[in-house]
K.L.:
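The following block contains the structure, expressed as structure tokens.
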Amino acid sequence: MKVYEENNQVIVEDIKDFHPQHIFECGQCFRWDRQEDGSYTGVAFKKVVNVRMEHGALVIKNTNIDDFYSIWKDYFDLDRDYSMIKERLSRHDKILKEAVQFGWGIRILKQDVWECLVSFIISSNNLIPRIKKIINNFSEKYGQPIVFGDKVYYSFPEPNDLYDLSVEDLSFCRMGYRDQYIMDAVQKVKHKVIDLENLKHLPTSEAKKELMKIKGIGPKVADCILLFSLQKYDIFPTDVWVRRVMQHFYLGSNADIKDVQKYSDLHYGDLRGFAQQYLFYYAREQRIGK
DNA sequence: CCACAGGACGGCT
DNA sequence: AGCCGTCCTGTG
């Protein structure tokens with residue numbers, strides 16, 4: 001990995017298994033938007049950057065070497081060998097091999113825990129375009145403005161920004177009944193009922209139990225937080241799309257979520273999280289099961 | 001106007 | 001423990 005900075009951008013040469021469209025549209029994040037030239041602009045860790053691939057190099061605009069090493073290298077999971085993961089998964093069966101080929105440039109981002117937690121509470125019983133809109137409303141109101149190009153972006157609000165709010169203060173975000181769940185999360189963080197920084201160090205099942213103390217976090221939402229921000233890869237978040245693709249290819253239409261969990265435990269082992277991402281993206285883009 | 005799409009809660013057995 | 005009506009908003 002050769003890295004250098006020029007003109008307020010960082011260029012990382014010889015990057016494999018990285019395709020912005022796959023990464024930002026496989027359902028793991030909500031704050032990245034496709035630009036007309038196919039690049040993606042997004043907000044993470046209070047920064048706005050634009051990302052694209054060019055001749056095998058990753059080009060990150062509006063950043064510098066320091067931020068690359070303190071933020072983006074980890075965020076984009078650049079130290080992980082995805083070729084190895086894809087090879088191992090492809091050996092499983094024809095379906096998974098096809099899903100891996102289809103989403104060849106997927107990476108699992110290492111997102112901020114608080115942002116991920118709030119975002120996936122909002123995601124429950126909800127559709128992706130609306131989730132993005134709600135998170136934008138929320139950030140615009142309680143985050144900090146960041147100018148990039150001719151636009152203003154907003155950082156994701158931190159717990160401190162929200163301590164004094166009431167549910168009524170969230171109503172304009174249009175998140176519906178989920179507003180009280182967000183306030184419950186704010187209160188539990190404020191009063192240290194849950195310690196977000198410590199979750200990473202707990203075993204997966206313990207961390208999951210902790211997360212589910214918050215209203216609005218059930219098994220699926222907890223699994224997403226574990227996978228996308230706590231680096232727990234031995235889980236298989238199962239939403240309707242994942243259930244459908246598993247029914248369609250492996251388990252038949254009578255399979256429920258428990259059957260899906262059992263199957264993934266048995267077959268994908270420590271690569272469950274990665275398998276889920278390839279299958280989810282494949283299922284959604286191909287509208288499998290619909 | 002109605003049907004539908006999305007997980008979790010809570011009250012019921 | 002498991003079942004199921006209900007929660008909110010936006011789209012077709």
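Just so it is clear: chains get the letters A, B, ... in the order the sequence lines come, proteins before strands, and each one is counted from 1.
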K.L.:
Return the CZ to CG distance between A/F172 and A/N137, rounded to the nearest 0.5 Å.
P.N.:
6.5 Å
K.L.:
Classify A/I134 by what it touches in the nucleic acid, base, sugar-phosphate, or nothing, heavy-atom distance under 4.0 Å.
P.N.:
nothing
K.L.:
Is A/K132 paired with A/D33 through a side-chain N to carboxylate O contact shorter than 4.0 Å?
P.N.:
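Judged by the 4.0 Å cut-off on N to carboxylate O distance, A/D33 and A/K132 do form a salt bridge.
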K.L.:
What's touching nucleotides 3-6 of chain C from the protein side, N or O pairs under 3.5 Å?
P.N.:
none

K.L.:
Using whole Å, report how far CD1 of A/I122 lies from P of C/dT9.
P.N.:
13 Å
K.L.:
Take the protein atom CZ of A/F138 and the nucleotide atom P of C/dT9, then report the distance between them rounded to whole Å.
P.N.:
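The answer, rounded to whole Å, is 16 Å.
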K.L.:
Taking DNA chain C as the partner, which of residues 166-195 of chain A come within under 4.0 angstrom of it by heavy atom?
P.N.:
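Contacts with DNA chain C under 4.0 Å: A/R174, A/G176, A/Y177.
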K.L.:
Donor-acceptor pair, distance only, cut-off 3.5 Å: does the side chain of A/S123 make one with the backbone of A/F120?
P.N.:
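Such a contact is found between A/S123 side chain and A/F120 backbone.
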K.L.:
Give me the bend of the helix from B/dC2-C/dG12 to B/dT13-C/dA1, using the axes of the five pairs at each end, rounded to 10°.
P.N.:
40°
K.L.:
Between A/D37 and A/R52, is there a salt bridge with N-O shorter than 4.0 Å?
P.N.:
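A/D37 and A/R52: not salt-bridged.
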K.L.:
Would you indicate, yes or no, if C/dG2 has its OP1 or OP2 atom less than 4.0 angstrom from a side-chain nitrogen or oxygen of A/K258?
P.N.:
yes
K.L.:
Measure the distance from CG on A/L127 to C1' on C/dT11 and round it to the nearest whole Å.
P.N.:
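Nearest whole value for this atom pair: 9 Å.
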K.L.:
With a 4.0 Å cut-off on N to O distance, would you call A/R174 and A/D179 a salt bridge?
P.N.:
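Salt bridge flag = no for A/D179 with A/R174.
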K.L.:
Base, sugar-phosphate, or nothing: which does A/R287 touch, judged by heavy atoms less than 4.0 Å apart?
P.N.:
nothing
K.L.:
Which is true for A/P129 with a 4.0 Å heavy-atom rule: it touches a base, it touches only sugar-phosphate, or it touches nothing?
P.N.:
nothing
